[in-house]
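First up is the structure itself, then whatever we jot down about it.
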Amino acid sequence: MSVEKRFVEHITDREEDFSRWYTDVVLKAELADYAPVRGCMVIRPYGYAIWERVQAALDLRIKATGHRNAYFPLFIPESFLSKEAEHVEGFAPEVAWITQGGSDVLEERLAVRPTSETVICTMYAKWIQSWRDLPVLINQWANVVRWEKVTRPFLRTTEFLWQEGHTAHASEAEAREETLRMLEVYREFVETELAIPVIAGLKSPAERFAGAQDTYSIEAMMADGRALQAGTSHFLGQHFARVFDITFLDRDGERKFVYQTSWGVSTRLIGGLVMVHGDASGLIIPPRVAPVEVVVVPIYRSTEEKEAVARFVAEMQPGLCGELRVEFDWREEYTPGYKFADWELRGVPLRLEVGPRDVRNGQVVLVRRDNRAKTVVPKEGVAAAVRDMLVTIQQALFDRALAFREANSQELVRLANFQEMMSEQRGFVHAQWCGDPACEAALKELTAATIRNLPLDAAAPDGTCIYCGKPATCRVVLAKAY
RNA sequence: CGGGGAGUAGCGCAGCUUGGUUAGCGCGCAGCGUUUGGGACGCUGAGGUCGUGGGUUCGAAUCCCACUUCCCCGACCA
């Protein structure tokens, strides 16, 4: 029996059934639970604590790039949504409608926002008069509703939490710069805080956001080799400005339409976190977003031992608690072994064991969640050792995820090899493309994989389209996606 | 939205084919005692509108119809 198997009793085997493993972990680690409403979930305190850390870390970056938070209404009049044809068409199938308020049937239906472009644009038209009013850099943290047919906790739920940034600029260049700036903020944020390596790139026209001129995304590889879109940033051009009449008087005395962007990441990131770092024992949370960084598990038999351990822990406590998120597990009803498994399931990155032996030797045992490596450290150096180790774990998780992605990525030029790869195993395929949507659609039909994006850091194309064999115009990453 | 599977105690399941007394089992939960360095053990105990609604029947967890929710595989989306 493998080490993993010996330690795990209640979770579906990850290799056997990845989907069930995912659901088991989300439920058993108490990140979320199914709500009594179709497609909806309850984010439980532990899961919400992760979201709060994600929010805090991202909000800091959003503000550092000059944006401010605001809040727009949940309800959007139907007429607003209908104004931009492409936009409505894109969202129509998944909009929830309010037709009645109290006992009165509404004259105009209200959409529960699937995204807020239309309300925000309506307000921007009112607020923007002069070039002096630009740029407008606003972000909102909100819930949105999309009536999805198939739902899964965190990955796709009817209602989800996200942040949506909406900006307006005087020039195209400035708006394009903003679009890429925020994409880069997402890339850095996801890689630094969530330890998830991503590929930043341009979406193909077929995968573009409804109403956008260009859509960019960051794409991550899950442990089953499938891709997860972890964030998007859109250059909206003047589409919405024209429809919602957002104009300003420029320095040259001319009235012009603004250029806009929008960008967002959602609670889906938590699903990604689970699927990238988790293992057979459950969750592994990168230290920087972990609600609990270190769990202290005391070990004792007799009352005397318990008291000795308690004194020992109390002496360490000031050094630990100052800047670390620490949990002390003094529960009487569970054995240490149970607690080990319990906190591993919850993904706490570092465990600190203190038993009679450690008290005698003036030491503690540190156990890493990611590789279960044990280190004995003297009591005096505990806080420093813990801090160091958390940094190490954060990096190790990123490195492991990156190595996994590379091991499951291939550069392919022949269609047959692509089909073979997608049928036997999953992963990312780097290939070249002629840019014809017909080839893209045919590839999807053939392999179930889609063009995830056109990586920004890719070299210039120098070959032929993997499907039609004509000269390629770009390099793409293909994968089956969530 | 199409195809398949499922809903019985907090969780995992049996019972249903062939309707018939108080609907079982394991884990978990509560109390007490012994335990505690990788998911401890004993004893005692609590816990169920059998997903919801309707129908058939003297009688339904079991048979029939509708609805609903979840899971898996596809088509659509963050």
Side-chain angles (χ1 to χ4, degrees), chain A residues 3-12 17-20 22-24 27-28 33-41 90-95 114-115 144-164 186 203 206-210 215 217-220 227-234 262-272 281-282 297-303 305-306 309 329-345 351-359 364-365 367 372 374 376 441 444-445 448 450 480-482:
Chain A
V3 177
E4 292 288 6
K5 280 225 172 101
R6 257 194 302 122
F7 290 151
V8 186
E9 282 179 7
H10 309 296
I11 310 173
T12 304
D17 187 341
F18 192 79
S19 286
R20 268 193 77 175
Y22 172 79
T23 311
D24 282 356
L27 258 32
K28 287 180 172 145
D33 200 356
Y34 290 102
V37 184
R38 197 205 102 91
C40 294
M41 65 171 177
F91 282 104
E94 48 194 54
V95 171
T115 179
V144 285
V145 167
R146 296 184 188 174
W147 216 259
E148 299 285 353
K149 311 209 155 107
V150 181
T151 59
R152 301 190 61 195
F154 291 112
L155 300 176
R156 182 175 298 107
T157 47
T158 301
E159 179 188 7
F160 58 93
L161 306 183
W162 76 348
Q163 101 359 256
E164 47 179 327
Y186 287 159
K203 281 289 190 183
E207 302 269 330
R208 206 151 55 192
F209 173 72
T215 288
S217 72
I218 50 171
E219 304 279 336
L228 183 79
Q229 181 171 307
T232 52
S233 185
H234 314 290
S262 69
W263 26 272
V265 301
S266 71
T267 36
R268 172 181 257 197
L269 285 176
I270 295 174
S281 301
V297 179
I299 298 154
Y300 50 84
R301 289 166 213 269
S302 60
T303 318
E305 281 182 349
K306 182 183 173 184
V309 169
D329 190 353
W330 285 102
R331 288 179 294 179
E332 291 286 354
E333 63 273 30
Y334 295 111
T335 61
Y338 179 93
K339 293 176 183 177
F340 296 167
D342 193 39
W343 291 108
E344 283 180 5
L345 168 63
R351 175 172 79 235
L352 196 158
E353 304 177 7
V354 188
R357 203 162 61 208
D358 304 307
V359 173
V364 303
V365 178
V367 186
R372 289 206 175 83
K374 290 192 179 187
V376 175
K444 185 176 178 182
E445 179 75 22
T450 51
K480 288 185 188 168
Y482 273 96

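In the text below, chain A, chain B and the rest are named by the order of the sequence lines, each starting its count at 1.
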Answer yes or no: is there a side-chain heavy-atom contact under 4.5 Å between [X] and [Y]?
X        : Y        : answer
A:Asp342 : A:Arg331 : yes
A:Leu155 : A:Leu228 : yes
A:Val309 : A:Trp330 : yes

Base partner of [N], which must satisfy Watson-Crick or wobble distances under 3.5 Å:
N     : result
B:C50 : none
B:U57 : none
B:G2  : B:C73
B:C43 : B:G31
B:A9  : none
B:G38 : none

Distance check, [atom1] atoms only: [N] and [M], in whole angstrom units.
N     : M     : atom1 : value
B:C43 : B:G39 : C1'   : 22 Å
B:C64 : B:U57 : C1'   : 12 Å
B:U17 : B:A6  : P     : 16 Å
B:C77 : B:G12 : P     : 33 Å
B:U8  : B:U52 : P     : 10 Å
B:G24 : B:C50 : P     : 14 Å
B:A30 : B:C13 : C1'   : 23 Å
B:A60 : B:C16 : C1'   : 10 Å

Candidate pair A:Thr157 and A:Glu148, rule side chain to side chain contact (heavy atoms under 4.5 Å, CB included), full reasoning
CA-CA 7 Å; A:Thr157 47; A:Glu148 299 285 353; over 6 Å; no
Nearest-Å distance, [atom1] ([X]) to [atom2] ([N])?
X        : N     : atom1 : atom2 : answer
A:Arg331 : B:U35 : CZ    : P     : 22 Å
A:Lys480 : B:G74 : NZ    : C1'   : 11 Å
A:Glu344 : B:G38 : CD    : P     : 12 Å
A:Leu345 : B:G38 : CG    : P     : 18 Å
A:Tyr34  : B:A6  : OH    : C1'   : 13 Å
A:Leu27  : B:G12 : CG    : C1'   : 13 Å
A:Tyr334 : B:G38 : OH    : P     : 18 Å
A:Tyr338 : B:G39 : OH    : P     : 13 Å

Given RNA chain B, 5'-ward residue of the pair A:Lys339 and A:Lys444, judged by closest heavy atom:
A:Lys339
For A:Glu159 and for A:Pro356, locate the closest nucleotide of RNA chain B by heavy-atom distance; then report the residue assigned to the nucleotide nearer the 5' terminus.
A:Pro356
Among the nucleotides [options], which one has an atom lying closest to any side-chain atom of [X]?
X        : options             : result
A:Pro153 : B:C71, B:G37, B:C1  : B:C71
A:Val365 : B:C1, B:G37, B:G38  : B:G37
A:Thr335 : B:U36, B:C70, B:G38 : B:U36
A:Ile299 : B:C77, B:G39, B:G37 : B:G37
A:Glu148 : B:C73, B:G37, B:C77 : B:C77
A:Arg372 : B:C72, B:G38, B:C76 : B:G38

Quick one: label [X] by what it contacts on the DNA or RNA (base, sugar-phosphate, nothing), any heavy atom closer than 4.0 Å.
X        : answer
A:Gly39  : sugar-phosphate
A:Thr215 : nothing
A:Gln229 : sugar-phosphate
A:Val150 : base
A:Ser266 : base
A:Asp358 : base
A:Leu155 : base

Both conditions, 6.0 Å and 45 degrees, for the charged tip of A:Arg351 above the ring of A:Phe340: are they met here?
yes
Would you say that more than 12 heavy atoms from the other residues, nucleotides or ligands in this model lie under 6.0 Å from the CH2 of A:Trp147, or not?
no
Can you find a donor-acceptor N/O pair under 3.5 angstrom joining the side chain of A:Arg146 to the base of B:C77?
no
Whether the side chain of A:Arg301 and the base of B:G37 hold a donor-acceptor pair under 3.5 Å is what I'd like checked.
no
Any A:Arg152 side-chain N or O less than 4.0 Å from OP1/OP2 of B:C72
yes
Short N-O contact, A:Glu353 and A:Lys339, less than 4.0 angstrom
no
Given A:Glu207, A:Arg208, A:His234, the one that forms side chain to side chain donor-acceptor pair (under 3.5 Å) with A:Thr215:
A:His234
